[in-house]
Amino acid sequence: MGTVGAGTDGVAGERRQLINVAYRLLGSVTEAEDAVQDAYARWYGLSRSRQEEILSPGAWLTTVTSRICLDLLGSARARRERYVGAWLPEPLPDRTEWDHARGAGPAGPADPADQIVLDESVTMAFLVVLESMTPAERVAFVLHDVFRYPFAEIADVLGRTPAASKQLAASARRRVSAARAPETATTPPTAAATATGRADVVRQVKEAWETQDIAALVGLLDPAAVMTADGGGMVGAVLRPVEGGARIAQYMAAVAGKTPGLALLERSVNGVPGLVAQRAGVVMTVASFDVSDGRVTRIWVVRNPEKLRPWTPPR
């Protein structure tokens with residue numbers, strides 16, 4: 001893991017990679033940053049002679065960061081049992097939007113949200129599946145299938161044999177396959193076509209939501225669609241998933257009628273088209289969508305203000 005012979009002076013350059021690993025393992029920008037900071041603290045706590053003995057500081061930092069994340073994932077289950085309502089990963093804005101929100105010109109260290117590469121492995125749909133895995137499965141799967149680390153090195157993180165680590169990744173892979181809707185088309189659409197189609201559906205949802213057109217919303221939602229909201233007990237949000245396209249449409253229309261002055265914007269959420277609700281310039285809600293065959297199958301709504309910090313520029 002990391003770059004062999006990076007040297008003790010090059011460890012700062014590993015931060016971007018570490019943030020990317022930690023966010024995918026934890027689903028939280030704040031926790032990812034804390035885990036990486038902890039790993040760096042342990043590195044700088046080593047004696048100079050011990051640092052010089054380590055051939056690949058990047059590999060060492062990745063291993064330590066992954067172990068810290070593994071410990072956090074173990075304790076997270078107990079914490080989330082006390083969480084009010086559903087827990088969802090922190091949504092991420094597009095980098096260009098994030099840079100615009102922060103303003104031009106660097107001021108101190110780059111924010112961790114600005115360093116995360118937005119790809120399929122950070123979509124809300126993918127992160128939610130990762131949440132269904134055991135901590136060991138998640139670490140094995142993310143490190144191997146996403147970052148292509150060999151099982152011999154993953155075994156060192158997990159404290160297991162390479163064969164056992166391979167089994168964990170295979171089990172996690174089955175969870176991902178089971179969660180993905182089967183392809184109905186004989187020829188799968190291109191990535192560009194999929195992105196365009198998803199954006200069109202999200203735009204139509206926005207327009208129907210703004211006009212409180214329940215019939216249009218029902219037509220855009222799969223009959224078996226599910227909406228999950230995360231308010232964290234800090235703001236109003238349904239505590240349990242809303243199931244069924246008709247029920248979701250009625251709920252969305254009711255919310256629109258009760259929240260005057262809310263502006264709905266099309267924005268990239270974790271690298272795919274989503275919607276952001278603002279009031280007086282402050283982001284109140286971020287919604288991510290999963291779309292299949294031209295209809296919305298899943299909606300993830302994040303309202304917990306602590307998870308929306310990357311979306312609101314500092315005043």
Would you check if the side chain of K307 reaches a backbone N or O of L88 as a donor-acceptor pair within less than 3.5 Å?
-> yes

Determine yes or no for a side-chain-to-main-chain donor-acceptor pair under 3.5 angstrom, with S177 supplying the side chain and R173 the backbone.
-> yes

Can you tell me if R279 uses its side chain to pair, donor with acceptor, with the backbone of G261 under 3.5 Å?
-> no

Could you walk me through whether L262 and W209 pass the side chain to side chain contact (heavy atoms under 4.5 Å, CB included) check?
-> CA-CA 11 Å; L262 207 61; W209 190 88; 3.9 Å; yes

Ion pair R15/E33, N-O distance below 4.0 Å | yes

Judged by modelled atom types alone, do T30 and S28 share a side-chain donor-acceptor pair under 3.5 Å?
-> no

Is there a path of hydrophobic side-chain contacts, each under 4.5 Å between heavy atoms of I, L, V, M, F, W or Y residues, that connects F151 with Y149?
-> yes

Mutual orientation of the aromatic rings belonging to Y83 and W87 [parallel < 30°, tilted 30-60°, perpendicular > 60°] = perpendicular

In this structure, OG1 of T62 is separated from CG of L143 (nearest 0.5 Å) by 8.5 Å

Flag the pair T228 / R298 as yes when at least one side-chain heavy-atom distance between them is below 4.5 Å, and no otherwise.
-> yes

Just do the side chain to side chain contact (heavy atoms under 4.5 Å, CB included) check on L127 and L130 with the steps written out, would you?
-> CA-CA 5 Å; L127 292 175; L130 293 180; 3.9 Å; yes

Just by distance, do the side chain of D290 and the backbone of T297 share a donor-acceptor pair under 3.5 Å?
-> no

Check: W311 side chain, P91 main-chain N or O, donor-acceptor pair, under 3.5 Å = yes

Is any side-chain N of the basic residue among D145 and R24 closer than 4.0 Å to the acidic one's carboxylate O?
-> no

One should read off an interatomic distance between L275 CG and R267 CZ, to the nearest 0.5 angstrom, of 10.0 Å

Is it true that E207 and R203 have a side-chain N and a carboxylate O under 4.0 angstrom from each other?
-> no

Carefully, step by step, assess Y23 and L92 under the rule side chain to side chain contact (heavy atoms under 4.5 Å, CB included).
-> CA-CA 11 Å; Y23 175 72; L92 291 173; 3.5 Å; yes

Salt bridge present between D38 and R67 (N-O < 4.0 angstrom) | no

